[in-house]
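Numbering of residues begins at 1 and proceeds along the displayed sequence.
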Amino acid sequence: MTLPVNTSASATADTDLDSQLSAERTHLDESRAALARMRARAEALFDTGENVGGDPFSAESLGRTLARRVAELTDDPSTPLFFGRLDFSTGVGDEHAGHRYHIGRRHVVDDAGEPMVLDWRAPVSRAFYRASARDPQGVAVRRRFGYAADRKLAQLTSFEDEHLDRGEELGTGSRILTAEIERPRVGPMRDIVATIQPDQDDLVRAELADSICVQGAPGTGKTAVGLHRAAYLLYLHRDRLRRSGILILGPNRAFLRYISAVLPALGEVDVEQTTVDDLVARVPIRGTDSTTAAIIKHDVRMADVLVRAMRAKIRKPAAPIVVPDGSFRWRIGEDPLRRIVDEARREGTPYAVGRERVRARVVALLQRQSEARRGDSPGEAWLRRMARATPVVEFLDAVWPAVTPERLLFELLADPAVLAAAAGGVLTAEEQATIGWPAAPRSVKSARWSAADAVLLDEAAGLLDRVPSFGHVVVDEAQDLSAMQCRAIARRASYGSVTLLGDLAQGTAPWAATSWPETLRHLGKPDARVVPLTTGFRVPEAVLRLANRLLPALAVAVPPAVSLRHDGALAVRAASDVDSAMTAEVRAALAHDGSVAVIAADAAVDRLTAVLRAHDIATSTPDDLGDPARVTVVPATMAKGLEYDHVIVVEPAEIVAAEPRGLHRLYVVLTRAVSGLAVVHARPLPAPLA
């Protein structure tokens, strides 16, 4: 809302603006009260659900549905219930002509069922993001609301109108839009429903069947796009996705905590969020691999090794079987048994499914003999008894033995001969020696599995049986996925779609992707479209210019990021006493609003934490739960995906020297700041920055 100059004419305008603002505040209060009544009605239904459910199963199902509904209607007073308004022209010939809608994070109706706030995902709400002076889409006025930042209560303080029917459009010149984008960031990540841009909106509203890869430069909102797409798909396909589910995969638990508030703020509480490591966790991780061994284990060739090891378990029948049945003896010859095994092998089903098919077909042959001799069909109890008969079980164990993922991988890594048989022509002898255990554990239970082993165990489990598939999977920081991790995700998305989010320039894993087509192929989505996001809304221009100096040295073909923000501070300081310089920068940052992070090589974190605490500056870590301190000391390896208002980077040269892809890690670290970046160093800066 722009207040006019104080003249007699403008005094009238002031009064009108004040009355409009007062009316909007009243509508906000009434909408919150209506939402509270909606929740109260849902709670009342929940309390009586067991009395109207009919039977225990129906009552339990109804109870779960109502409990979910109650959770979805929870109001957060610190989050604005609506952020915009659309006034449609009276001359348009459609159902919205002359109507006014408030656009918000969820749908709110009054006691008569009339909408007070429209969900941002509703079809009509799309005009809030897409209408322009060139294409008004029937909108006469688009209004944005400004709110005072308050952790306890969002207070409506201003509004700003764009008269699209008159050709007036503020675009990125909107003060309210800019203020929302640049608002200091404290605590978990916020939703971006008030600031979604048209190119982001295209991705958010993509069809459920479409798999998309977003190559997003730092600060372009790719993570928010993925989360909001999940919320949009749940709105559009709620029943279908409630059955199949949506899975959000992040790089680490600190990142998941950072994004954990976004979907609940949008009323979505039924989404599974986890890391890739936790997704494939079958065993405790007590061992470690050398970097070389881990790279080999994450290589897609290991899928072939495991397939060959599994197939080697299947053997040809060596003799007929005879199954006693009371006074009868049923005999199946070697040839029909061989045909059963060969047929099951050719069908290519998961190993455990194939084993059960062999069992079922053997029992079917026994059943035919029984029917021919006895003249009637045996019952279910007889079929179960034949399936468990000792000759049948012994035959099955001889030709198609039961196996577990742990046993299969144990035999591969513990026995060089078994590994050589499965990996011959796939892995070199040197590679086999690198991944094999030099001293084999006594048993599967005593094996010290590594994180890379867990991915192989998941692959083996996928060979044994089918894995439930999600309706949609969102994968963030996807540039660091190995081929085998991609396959693990693909098994969970075999019947669903994927939103892949990442930045090739931020790839820090030893197996990090250098192009997206190969990653998409391993994910089983080779036809997914790759969409670049290059315009940053959070990271200031000066910070991106510094980080972009690293791009030529990163050996990836990505367009440099650009920023709409020309504010923000950048300081690069050489200092003989880095600890003192770092402390001074932290104190300077604390004089401003927002979060503060000190990011350094992992080995320096404990020292820097001690220095800050010695100067009475409270600190936290990215893993801290509860109410963290304003200053977070972040190991460089944990910085990915996180954002802070003010960042102090300590000794870039140490960050680069700590790992083979150190320049990529430094690119990540330098792009975590959304207001100000200070770089302090005693050692010479890496060459691209010098």
Enquirer: Can you find a heavy atom in the side chain of R229 that is under 4.5 Å from one in the side chain of V474?
Expert: no
Enquirer: CE of M116 to CD of E114: how many Å apart, nearest 0.5 Å?
Expert: 10.5 Å
Enquirer: Kindly compute the distance separating CZ (R491) from SG (C486), expressed to the nearest 0.5 Å.
Expert: 11.0 Å
Enquirer: Is the F128 to Y101 ring centre distance short of 6.0 Å?
Expert: no
Enquirer: For a quick test of reading the model, state the closest non-hydrogen atom pair linking L642 to A254 and the distance between them.
Expert: CD2-O, 4.3 Å
Enquirer: Mind listing the closest non-hydrogen atom pair of I489 and V276 along with its distance?
Expert: CD1-CG2, 4.3 Å
Enquirer: Please lay out, stage by stage, how E162 and R142 fare under the test salt bridge (charged side-chain N to carboxylate O under 4.0 Å, His left out).
Expert: CA-CA 5 Å; E162 297 171 285; R142 173 169 54 206; 2.8 Å; yes
Enquirer: Under a 4.5 Å cut-off applied to non-hydrogen side-chain atoms, are I212 and R529 in contact?
Expert: yes
Enquirer: Evaluate R105 against E268 for salt bridge (charged side-chain N to carboxylate O under 4.0 Å, His left out), listing each step before the verdict.
Expert: CA-CA 10 Å; R105 286 166 172 78; E268 300 300 344; over 6 Å; no
Enquirer: Keeping D567 on the side-chain end and P540 on the backbone end, is there a donor-acceptor pair under 3.5 Å?
Expert: no
Enquirer: Please tell me if the side chains of L35 and R106 come closer than 4.5 Å, counting only heavy atoms from C-beta onward.
Expert: yes
Enquirer: For a quick test of reading the model, state the closest non-hydrogen atom pair linking S125 to L118 and the distance between them.
Expert: OG-CB, 4.1 Å
Enquirer: To the nearest 0.5 Å, what is the distance between CD on E518 and CG on L523?
Expert: 11.0 Å
Enquirer: How about E541 and R565: do any of their side-chain heavy atoms sit closer than 4.5 Å?
Expert: no
Enquirer: Applying side-chain contact (heavy atoms from CB on, under 4.5 Å) to V473 and L249, what does each step give before you reach the verdict?
Expert: CA-CA 8 Å; V473 180; L249 290 173; 4.1 Å; yes
Enquirer: Which heavy atom in V455 sits nearest to a heavy atom in M484, and how many Å separate them?
Expert: CG1-CB, 3.5 Å
Enquirer: Hey, could you give me the CE/CG distance between M38 and D111, rounded to the nearest 0.5 Å?
Expert: 10.0 Å
Enquirer: If you look at every heavy atom in R205 and Y232, which pair is closest and at what distance?
Expert: CA-CE2, 3.4 Å
Enquirer: So which heavy atom on V139 is nearest to which on L164, and how close?
Expert: O-CB, 3.7 Å
Enquirer: R253 and salt bridge (Lys or Arg N to Asp or Glu O under 4.0 Å): which single residue from D623, D624, D278 fits?
Expert: D278
Enquirer: Would you check if D202 and R130 make a side-chain contact, meaning some heavy-atom pair closer than 4.5 Å?
Expert: yes
Enquirer: Measuring from atom CD1 of I246 to atom NE2 of H237, what distance do you get when rounded to the nearest 0.5 angstrom?
Expert: 9.5 Å
Enquirer: So Q200 and H228, side-chain contact (heavy atoms from CB on, under 4.5 Å) or not? Walk me through it.
Expert: CA-CA 10 Å; Q200 296 172 328; H228 287 66; over 6 Å; no
Enquirer: Within the structure provided, determine whether V108 and F82 are in side-chain contact (heavy-atom separation under 4.5 Å).
Expert: no
Enquirer: Could you tell me whether the side chain of L28 reaches within less than 4.5 Å of the side chain of F145, counting heavy atoms only?
Expert: no
Enquirer: If we only count heavy atoms from C-beta on, is the D645 to D593 side-chain gap below 4.5 Å?
Expert: no
Enquirer: Give a yes or no answer on whether the side chain of E459 reaches the backbone of R487 with a donor-acceptor pair at less than 3.5 Å.
Expert: no
Enquirer: Can you confirm whether more than 12 heavy atoms, excluding those of R282, are under 6.0 Å from its CZ atom?
Expert: yes
Enquirer: Keeping S494 on the side-chain end and S469 on the backbone end, is there a donor-acceptor pair under 3.5 Å?
Expert: no
Enquirer: Determine whether V467 and R492 satisfy the following criterion, side-chain contact (heavy atoms from CB on, under 4.5 Å), listing intermediate values before the conclusion.
Expert: CA-CA 6 Å; V467 177; R492 274 83 177 178; 3.7 Å; yes
Enquirer: Going through the distances and angles, do I259 and I248 end up as a side-chain contact (heavy atoms from CB on, under 4.5 Å)?
Expert: CA-CA 10 Å; I259 68 171; I248 310 288; 4.2 Å; yes
Enquirer: Nearest 0.5 Å please: distance from the CG atom of L544 over to the CZ atom of R538.
Expert: 12.5 Å
Enquirer: Report the relative orientation of the aromatic rings in Y129 and W120; use parallel for angles under 30°, tilted for 30 to 60°, perpendicular for over 60°.
Expert: perpendicular
Enquirer: Here's a test for you: under side chain to side chain donor-acceptor pair (under 3.5 Å), which of K640, Q485, Q506 qualifies with D480?
Expert: K640
